[in-house]
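One structure is given below, encoded as structure tokens.
Bear in mind that the values here come from a model prediction, so they are computed numbers and not experimental data.
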Amino acid sequence: MTCCPACGYTAVDPNRSTLARWFAGIFGGHTIVGRTGTHGTEWDGPRPDLMLADLSPGDEASVVDFEGPAADRRAQLQAYGLVPGRRLRVVQQRPVTVLLVDHTELAIEGDLARGIRVQRPALTA
């Protein structure tokens, strides 16, 4: 939990909570977080708090940003089409993460997959 000492605002930090990431996976990356305090109650919509390593085979997502890879490694990934905004599909997660980006199949290590932030597509009615 993150708490503001001035107003009492509290919220779950999904980057530090395995349970919050698990719920986000179940609800398709769409989490509703209730915030209380003197600000009243607010609701958050979809958040890009999902890492590539959290997806299951067959899941589709869009790249949001890179947290882990060094600049030279990031440049290699971008050369293969793994850039922010690009859609991808996970083919497998074990023993390495295999993705399909356009017509290119990439195999990346688990530590690299844990450093790529993704967002699932918005649900349509």
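A heavy-atom distance below 4.5 Å is not found between the side chains of Leu100 and Val90. Using a 4.5 Å heavy-atom cutoff, the side chains of Leu112 and Leu77 are in contact.
Although no hydrogens or angles enter the test, the distance criterion places a donor-acceptor pair under 3.5 Å between the side chain of Gln93 and the main chain of Leu55.
Under a 4.0 Å N-O distance rule, the pair Glu67/Arg74 does not qualify as a salt bridge.
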Does the salt bridge (charged side-chain N to carboxylate O under 4.0 Å, His left out) test come out yes or no for Arg120 and Asp59, once each step is laid out? CA-CA 8 Å; Arg120 293 188 186 187; Asp59 286 351; 3.4 Å; yes

Apply salt bridge (charged side-chain N to carboxylate O under 4.0 Å, His left out) to the pair Glu109 and Arg73, showing each step before the final yes or no. CA-CA 12 Å; Glu109 301 89 9; Arg73 189 73 165 146; 2.8 Å; yes

Pair Asp102, Arg86 - check salt bridge (charged side-chain N to carboxylate O under 4.0 Å, His left out), show working. CA-CA 9 Å; Asp102 289 332; Arg86 183 66 51 99; 2.7 Å; yes

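Across all non-hydrogen atoms, the minimal contact from Arg87 to Pro121 is NH2-CG, 3.8 Å. The minimum heavy-atom distance between Val101 and Leu82, with the atom names listed, is CG2-CD1, 3.8 Å. Closest approach of Leu99 to Ile108, counting heavy atoms only: CD1-CD1, 4.4 Å.
Under a hydrophobic clustering in which Ile, Leu, Val, Met, Phe, Trp and Tyr are joined whenever their side-chain heavy atoms come within less than 4.5 Å, directly or via other members, Val118 and Val98 fall into different clusters. Residue Met51 is not grouped with residue Val96 when hydrophobic side chains (ILVMFWY) are merged at heavy-atom distances under 4.5 angstrom, including chains of intermediate members.
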